[in-house]
Amino acid sequence: MDAYQSVGIRRRLKRFFRRDGRALIFAMDHGFEHGPADFEPVWEHVDPRIIMRKVVRAGIDGVMMLPGVTRLAVDELKPDTGLMIKLTSKTELRPKDEQLLQSQLGFVEDAIKLGADAIAATVYWGSPQEDVMMRQFAEIASYAHDLGFPIVQFAYPRGPYINEKYGSKEDYRVVMYGARAAVEIGADMIKTYWTGSKETFAKVVDAAAGVPVLLSGGAKTDSPVDFLKLVWEVIEAGGAGAVVGRNIFQRENPEPMIRALLRVVHRNEDPEEAAKAEGLL
Amino acid sequence: MDAYQSVGIRRRLKRFFRRDGRALIFAMDHGFEHGPADFEPVWEHVDPRIIMRKVVRAGIDGVMMLPGVTRLAVDELKPDTGLMIKLTSKTELRPKDEQLLQSQLGFVEDAIKLGADAIAATVYWGSPQEDVMMRQFAEIASYAHDLGFPIVQFAYPRGPYINEKYGSKEDYRVVMYGARAAVEIGADMIKTYWTGSKETFAKVVDAAAGVPVLLSGGAKTDSPVDFLKLVWEVIEAGGAGAVVGRNIFQRENPEPMIRALLRVVHRNEDPEEAAKAEGLL
Amino acid sequence: MDAYQSVGIRRRLKRFFRRDGRALIFAMDHGFEHGPADFEPVWEHVDPRIIMRKVVRAGIDGVMMLPGVTRLAVDELKPDTGLMIKLTSKTELRPKDEQLLQSQLGFVEDAIKLGADAIAATVYWGSPQEDVMMRQFAEIASYAHDLGFPIVQFAYPRGPYINEKYGSKEDYRVVMYGARAAVEIGADMIKTYWTGSKETFAKVVDAAAGVPVLLSGGAKTDSPVDFLKLVWEVIEAGGAGAVVGRNIFQRENPEPMIRALLRVVHRNEDPEEAAKAEGLL
Amino acid sequence: MDAYQSVGIRRRLKRFFRRDGRALIFAMDHGFEHGPADFEPVWEHVDPRIIMRKVVRAGIDGVMMLPGVTRLAVDELKPDTGLMIKLTSKTELRPKDEQLLQSQLGFVEDAIKLGADAIAATVYWGSPQEDVMMRQFAEIASYAHDLGFPIVQFAYPRGPYINEKYGSKEDYRVVMYGARAAVEIGADMIKTYWTGSKETFAKVVDAAAGVPVLLSGGAKTDSPVDFLKLVWEVIEAGGAGAVVGRNIFQRENPEPMIRALLRVVHRNEDPEEAAKAEGLL
Amino acid sequence: MDAYQSVGIRRRLKRFFRRDGRALIFAMDHGFEHGPADFEPVWEHVDPRIIMRKVVRAGIDGVMMLPGVTRLAVDELKPDTGLMIKLTSKTELRPKDEQLLQSQLGFVEDAIKLGADAIAATVYWGSPQEDVMMRQFAEIASYAHDLGFPIVQFAYPRGPYINEKYGSKEDYRVVMYGARAAVEIGADMIKTYWTGSKETFAKVVDAAAGVPVLLSGGAKTDSPVDFLKLVWEVIEAGGAGAVVGRNIFQRENPEPMIRALLRVVHRNEDPEEAAKAEGLL
């Protein structure tokens with residue numbers, strides 16, 4: 001017989017993943033993690049209500065925010081829009097070496113109070129403070145799971161030793177290590193870097209052994225099609241979708257981009273055709 | 001600024017109430033409160049998966065179950081089907097005077113683990129054990145509210161003194177008293193008896209002072225139209241919808257009944273026309 | 001993704017149920033619930049080590065004991081013998097009306113310390129103290145589930161009103177009510193009375209909606225074949241096995257009886273043939 | 001590997017039981033349970049220091065007291081005298097039917113603070129308040145065990161229904177029922193009534209399945225030899241010794257009585273010869 | 001009398017150790033501790049279900065995993081396969097000096113929820129952070145023991161001073177120091193390094209004073225026989241078995257290797273003959 005917690009985890013994950021097991025999630029924690037300057041390309045998006053309304057209307061599967069912004073923007077969501085609340089972050093104002101630590105800025109209960117469907121936290125695998133983030137993640141995960149909430153890890157390898165040994169944190173051996181570590185510590189969903197190719201990303205997916213792996217969208221690409229192509233490769237590699245921020249909110253008209261992404265994620269459409277269908281080409 | 005809890009309560013209530021502020025909710029705690037004999041008219045409905053699948057497919061807004069059955073049936077729900085979990089009940093096997101008490105059979109955490117959107121408990125206002133149920137409700141409500149979950153009261157006046165003084169527990173003075181008591185103790189949604197007329201039910205709605213009042217469906221009516229008419233009157237009286245069990249699961253084909261009810265509740269359709277449109281007449 | 005608790009519940013239930021989903025469990029709480037006089041037919045069985053050794057050697061799937069006796073007898077078990085520890089009971093020395101209450105004599109932690117694979121508690125549905133036992137069961141179940149332990153309900157309708165209304169506590173309407181109540185409160189396994197026929201017991205199984213229902217073995221039958229026939233009917237009705245005490249420990253040589261029962265439970269063998277094969281006829 | 005708790009329990013039990021597995025324990029809770037009038041035959045024994053000094057000098061294995069008296073008398077004990085502290089009692093001043101309940105008058109921590117080697121509590125099996133005492137004993141035992149302290153049950157069947165059904169609370173069927181119930185709830189040592197014969201007391205010992213059973217000494221016998229004979233029969237029946245109060249402190253010179261009892265308990269000496277050797281005949 | 005905790009510890013240890021007191025345990029925490037690159041020799045083994053299925057089928061006594069992978073792979077275990085869950089680790093992505101610390105990534109409750117039979121944690125004796133790991137181990141052990149779970153220490157001396165003083169962490173004086181420290185802090189089972197010879201490993205076993213010592217398998221040997229010889233020497237030295245990872249999962253066909261190891265561990269077979277019998281030579 002199922003534990004009650006499994007029932008809740010399953011029910012809540014359904015608010016992100018469609019029957020195809022894939023999801024397109026909008027990320028908007030940049031005001032904290034990068035600072036509001038990230039909104040300068042389209043300044044009105046600094047108001048979370050405005051960008052959230054557009055994103056939801058375009059049919060996004062889920063959204064990710066920090067607690068305080070969730071409070072402001074939640075009325076824009078539909079009852080079945082997945083709401084992921086992230087409990088850790090750090091500012092860019094910190095000294096550089098303190099930026100290898102994500103600190104807790106809210107609690108599992110906060111996310112529950114706000115109506116979350118999933119709870120997220122970052123671990124910088126390889127950081128000199130990996131120890132702190134491991135235990136922090138374990139505590140968040142254990143408590144969230146106990147109340148039936150799925151837990152998402154932003155599994156981001158990052159640290160001095162990584163560059164020294166592997167050359168880059170996007171090296172697939174590094175990325176798949178982070179993804180595997182996320183699995184072994186109990187994550188229900190993983191967000192991570194692009195490894196540069198479909199073949200290497202497939203190894204990340206393998207290492208996750210069935211736990212869904214989503215692309216971390218990263219910086220805005222020059223052309224929309226470039227980003228659609230990237231997401232297409234993620235899907236081809238067995239990825240479960242993407243968590244996208246700047247490639248959405250730094251565009252004047254985010255809706256066509258979202259609709260094109262949904263075509264790629266859920267219908268395996270060719271990126272160029274998807275772009276054309278939504279008037280992006 | 002809104003408390004985080006307000007955000008969660010609002011978000012979760014949206015899974016029951018459409019923009020018109022009305023809801024049609026399927027109730028299935030009868031296996032406990034009345035015994036499985038209630039399913040004998042259509043025995044296959046004793047399997048909660050089967051009846052839940054039909055009900056959800058027909059477009060129900062929300063469902064109400066006890067924890068153990070939720071565990072079995074929850075995969076049939078859509079991500080935006082409101083899930084109300086009830087934490088109190090009593091069997092009909094008990095000695096008569098113990099039946100004026102509803103006992104707790106689960107905890108707020110159980111409901112949360114299972115993915116509940118609202119938590120329900122009964123108070124028999126007027127029972128010799130009103131004291132126990134008042135405090136039990138207050139404790140459940142306080143904890144549920146603290147975590148952002150709306151709380152529903154089945155406000156059922158019932159007790160020796162009521163009959164003596166008012167003749168019947170369906171007397172509108174009695175029903176509106178129960179509804180008002182529910183409001184004063186902090187309920188976010190009320191389920192109560194039919195008072196016999198639109199005019200008197202409107203007084204119940206008034207006494208609830210804005211807290212939504214839903215009809216408790218009660219025993220199966222002889223003809224479907226009779227029940228549709230009853231619900232129509234509730235809506236006309238300002239009621240926020242109905243919580244319906246036997247009038248759904250004791251019918252061989254519950255889907256047309258549900259669709260007709262949705263016409264009445266959300267579109268104010270005439271009961272006879274709604275029945276015809278769904279082939280019930 | 002599965003909650004950790006589901007993993008534990010599943011792993012532990014496997015120590016009782018074979019791949020066919022059925023189990024034969026030996027019960028030995030009679031020293032408490034009936035008194036040691038129950039062992040007088042074969043007095044050496046009052047020593048739990050002696051009877052347990054015989055029972056395990058004969059290939060039983062699982063055993064059920066109270067905590068203090070578990071302490072004495074556990075070394076006789078095999079690593080994969082399911083160990084069910086019961087946390088409630090009452091003596092027959094109590095005044096009659098206090099016998100409608102089962103009191104707690106141990107805690108979930110006690111069972112865990114002792115190496116339990118499942119935790120059991122009785123509810124006398126219909127008792128004037130149903131209220132107390134409901135909440136007691138809910139508390140035990142909630143805590144056991146939180147640590148990944150399956151919970152078994154001895155769902156025994158019993159009370160003054162039952163006889164009055166249904167004539168007997170073995171009436172199938174009563175038994176299926178108790179089984180359904182056990183499901184709705186979250187039991188993972190149910191032990192209940194025989195209803196007198198395969199057809200009526202099948203309704204009990206239906207009402208349990210997939211939660212396994214096991215026969216409560218009851219008093220020793222005159223001939224071994226009579227009991228084998230009873231268990232055969234349980235299996236035919238869709239039951240998941242039997243929990244047997246007196247029909248095992250009140251026999252001088254319990255091993256052949258157990259082996260014959262295993263034939264009936266796991267191989268659907270004809271009761272007479274099973275009895276012959278084990279030299280009971 | 002042993003749990004730390006087992007180590008502590010074993011070490012502490014050794015302060016009562018010699019290598020032969022037997023113990024003679026002096027009981028002095030009579031000032032509470034019967035009132036100080038029990039000391040009137042030898043009034044100076046109302047001072048616990050005086051009687052304790054004599055008893056310890058005579059070579060007793062262990063002593064049993066309530067917490068407050070322990071505080072006064074503990075300096076008389078030798079480092080290896082077993083100290084049993086009892087945590088429940090009732091006065092004889094209570095209304096008769098309240099005397100079927102033993103109430104808690106101290107806590108496990110109190111006993112530990114005082115240097116206890118074992119903790120005792122009474123259960124009146126068959127009392128209308130059996131329910132309360134079961135749970136009370138379970139709580140005391142669970143906590144004491146967790147800290148490595150052995151727990152002693154004064155397993156005293158007592159209640160209206162017992163007399164009705166068995167004629168007397170000393171009927172062996174009743175006494176062995178209480179002893180077995182003590183085992184099943186986790187007692188490490190049992191104190192109970194004499195059943196009238198060696199043969200019947202042997203059945204009590206059987207029912208305890210290896211948990212040591214000690215005689216409850218009871219009222220002062222007319223001649224010392226009568227009491228020595230009784231204890232001799234207990235030992236012959238497999239009993240583990242005796243807990244003796246009035247037969248010690250109501251005698252002017254308790255030392256010879258204790259030394260004679262030690263001869264019977266530990267050397268299986270003939271009662272008459274033991275009495276002669278100590279000048280009691 | 002035994003504490004309940006001893007009963008549970010004994011019962012659970014039986015799932016690892018056969019009657020000969022020896023065990024062969026499969027280790028698979030490498031995805032975390034070394035990274036998924038460890039699976040590249042046989043990439044399909046990165047899926048824990050696939051390798052676990054093979055390993056269990058070959059007759060392994062027990063397995064060791066981290067919590068998140070246990071969740072994925074547990075259904076492959078048999079009811080009597082010992083399940084050891086490890087609660088500490090570190091990645092190789094960390095800066096070198098942070099790799100002398102193992103951080104907690106799960107809790108005792110997590111292991112219990114998942115159905116663990118034993119709980120493991122590493123202490124790097126000699127690390128500059130020995131202090132942190134000592135206390136961490138003590139806390140895990142104390143809580144696990146209180147609930148009846150055996151605790152395994154990976155007693156790995158490692159630190160700058162060790163190399164300086166002893167030349168190598170595999171020096172027997174170092175290894176036996178770690179093993180003894182594990183015993184003194186309460187470990188029920190020890191996993192440690194090979195000391196290079198049977199004679200020196202026997203001293204490690206002596207220092208453990210009866211607590212079972214298992215070999216940490218280490219890197220894959222060139223030929224299977226080399227590893228079998230190593231394990232044979234461990235057994236000859238009085239070791240209780242081996243915990244083997246890479247020598248199993250880095251082989252295309254791990255089953256013959258496991259079966260050969262079982263011959264050596266449980267039947268004291270000559271390594272070359274065991275290898276031949278399983279077609280490895």
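Computation of the quantities below employed the complete heavy-atom set of this structure, encompassing side-chain atoms and omitting hydrogens, waters and symmetry-equivalent molecules. Sequence lines set the chain letters: A, B, ... in the order given, protein chains first and strands last, and positions in each chain run from 1.
- Using a 4.5 Å cut-off between non-hydrogen atoms, the part of residues 99-110 of chain E that approaches chain A consists of E:Gln99, E:Leu101, E:Ser103, E:Gln104, E:Leu105, E:Gly106, E:Phe107, E:Asp110.
- Side-chain atoms of E:Tyr156 and E:Ser216 include a donor-acceptor pair closer than 3.5 Å.
- A cation-pi arrangement is found for A:Lys191 relative to A:Phe154, the charged atom lying closer than 6.0 Å to the ring centre and inside a 45° cone about the ring normal.
- Looking at E:Phe26 and E:Met64, their side chains never come closer than 4.5 Å, going by heavy atoms from C-beta outward.
- Considering A:Asp80, A:Asp61, A:Asp117 as possible partners of A:Arg15, the one that fulfils the salt bridge (charged side-chain N to carboxylate O under 4.0 Å, His left out) test is A:Asp117.
- Only the backbone of A:Ala187 has a heavy atom closer than 4.5 Å to any heavy atom of chain E.
- For the residue pair A:Glu33 and A:Ser89, the shortest heavy atom distance occurs at OE1-OG, 2.8 Å.
- Residues meeting the salt bridge (Lys or Arg N to Asp or Glu O under 4.0 Å) test with A:Arg173, sequence neighbours left out: A:Asp171.
- Aromatic rings of E:His30 and E:Phe249 (six-membered ring for Trp) have centroids within the 6.0 Å cut-off, being under it.
- When each of E:Thr91, E:Leu66, E:Val46 is checked for heavy-atom pairs under 4.5 Å with chain A, E:Thr91 comes out on top.
- Scanning residues 118-134 of chain A against chain E with a 4.5 Å non-hydrogen threshold yields A:Trp125, A:Gly126, A:Ser127, A:Pro128, A:Glu130, A:Asp131, A:Met134, sorted by number.
- Between the side chains of A:Arg22 and A:Asn268, a donor-acceptor pair is found at a separation under 3.5 Å.
- Taking 4.5 Å as the limit, every side-chain heavy atom of A:His145 sits out of range of all side-chain heavy atoms of E:Lys113.
- For chain E, the option among A:Ala208, A:Ala182, A:Gly186 with the highest count of heavy-atom pairs below 4.5 Å is A:Gly186.
- For A:Glu164, no part lies near chain E; criterion is any non-hydrogen pair under 4.5 Å.
- Within a 6.0 Å sphere centred on OH of E:Tyr177, other residues, nucleotides and ligands contribute 12 heavy atoms or fewer.
- At least one side-chain heavy atom of E:Phe227 sits under 4.5 Å from a side-chain heavy atom of E:Met257.
- Screening residues 48-58 of chain E for side chain to side chain donor-acceptor pair (under 3.5 Å), with sequence neighbours left out, gives E:Glu44-E:Lys54, E:His45-E:Lys54, E:Asp47-E:Arg49, E:Arg53-E:Glu76.
- Looking at A:Asp146, the atoms closer than 4.5 Å to chain E (heavy atoms on both sides) all sit in the side chain, from C-beta outward.
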